*Asks:* 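Before we start, here is the structure in question, set down as structure tokens.
Numbers restart at 1 for each chain; the letters A, B, ... are given by sequence-line order, proteins then strands. Heavy atoms only: backbone and side chains are in, while hydrogens, waters and symmetry mates are out. On a predicted model such as this, the values are computed, not experimentally measured, just so you know.
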Amino acid sequence: GAGVSQSPSNKVTEKGKDVELRCDPISGHTALYWYRQSLGQGLEFLIYFQGNSAPDKSGLPSDRFSAERTGGSVSTLTIQRTQQEDSAVYLCASSYKRDQPQHFGDGTRLSIL
Amino acid sequence: ELKVEQNPLFLSMQEGKNYTIYCNYSTTSDRLYWYRQDPGKSLESLFVLLSNGAVKQEGRLMASLDTKARLSTLHITAAVHDLSATYFCAVDGEGLQGAQKLVFGQGTRLTINP
């Protein structure tokens, strides 16, 4: 079946602009996760959504970052007033149950000029 | 705060040899995951380890978990070039409502030379 889908695959934008990254999880997966992967910091947890519960935002690096998940499915990660240090690959993952692995999308490579 | 450390971070080995990657973590958890990442690609799940003493094997890879020692190992037997990739362990920091809150190790970049 279809995997986790992310768009765009690449995004280049100027410093100070806002960006929106989209994630479409595997159908039926109740949990959705966002991570950031960069050379200096490795893989960092950003935020997760689990069912109808309030999201765990504890990994968001600043208040310029926000995310929402509409209808328990598609999620959007928004970065406002982008900075060069935001350049990274942003990965989305989803899972069905606690004891099953997360399935990752191909990521969005974000470059801030 | 949960911390996860892998070693080695870089590993270059010859085909046919055996080696082990270690994953240590700092706080109690009984859920650990191993992932593989090829260059420019996303993460692929390899193993799910859910209890002390768990051992999983797939082909030339075998993973184990010792929750008392807070240690997992990924053993490679008779390595072949196709296993060249970066391997990550991730420990479940126990999110709310049954979600996983994974903390990843730094990754081990494995290069297998013919």
*Asks:* When heavy-atom pairs shorter than 4.5 Å are enumerated against chain B, which of A:Pro101, A:Gly105, A:Gly42 gives the highest number?
*Replies:*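 Going by pairs under 4.5 Å, I would pick A:Pro101.
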*Asks:* Taking side chain as everything from C-beta outward and backbone as N, CA, C, O, which of these in B:Leu50 sits under 4.5 Å from a heavy atom of chain A? Side chain, backbone, both or neither.
*Replies:*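 Just the side chain, heavy atoms under 4.5 Å.
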*Asks:* With a 4.5 angstrom heavy-atom cut-off, could you sort out which part of B:Phe47 is near chain A: side chain, backbone, both or neither?
*Replies:*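 Neither part; nothing is under 4.5 Å.
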*Asks:* If you count heavy-atom pairs within less than 4.5 Å of chain A, which of B:Val48, B:Leu46, B:Val103 leads?
*Replies:*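 So the answer, after comparing B:Val48, B:Leu46, B:Val103, is B:Val48.
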*Asks:* Please state whether the side chain, the backbone, both or neither of A:Thr30 comes within less than 4.5 Å of a heavy atom of chain B.
*Replies:*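 The answer is neither part of A:Thr30.
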*Asks:* What is the ring orientation for A:Tyr35 with A:Phe104, classed by angle as parallel under 30°, tilted 30 to 60°, or perpendicular over 60°?
*Replies:* tilted
*Asks:* If you compare all heavy atoms of A:Val19 against all heavy atoms of A:Lys11, which two are closest, and at what distance to 0.1 Å?
*Replies:*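 That would be CG1-CE, 4.0 Å.
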*Asks:* Could you tell me which of A:Gln102, A:Arg109, A:Gln100 has the largest number of non-hydrogen atom pairs under 4.5 Å with chain B?
*Replies:* A:Gln102
*Asks:* To check you understand the geometry: which heavy-atom pair defines the closest contact between A:Thr82 and A:Arg64, and what is its length?
*Replies:*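 For A:Thr82 versus A:Arg64, the nearest heavy atoms are CA-NH1, 3.8 Å.
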*Asks:* B:Phe104 vs B:Tyr35 aromatic rings, parallel, tilted or perpendicular, using cut-offs 30° and 60°?
*Replies:*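 Tilted.
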*Asks:* Is the count of non-hydrogen atoms from other residues, nucleotides or ligands lying under 6.0 Å from B:Arg36 atom CZ greater than 12?
*Replies:* yes
*Asks:* With a 4.5 Å cut-off on side-chain heavy atoms, are B:Ser12 and B:Asn113 touching?
*Replies:*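 B:Asn113 reaches B:Ser12 side chain to side chain.
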*Asks:* Checking heavy atoms, do the side chain of A:Leu91, its backbone, both or neither come under 4.5 Å from chain B?
*Replies:* side chain
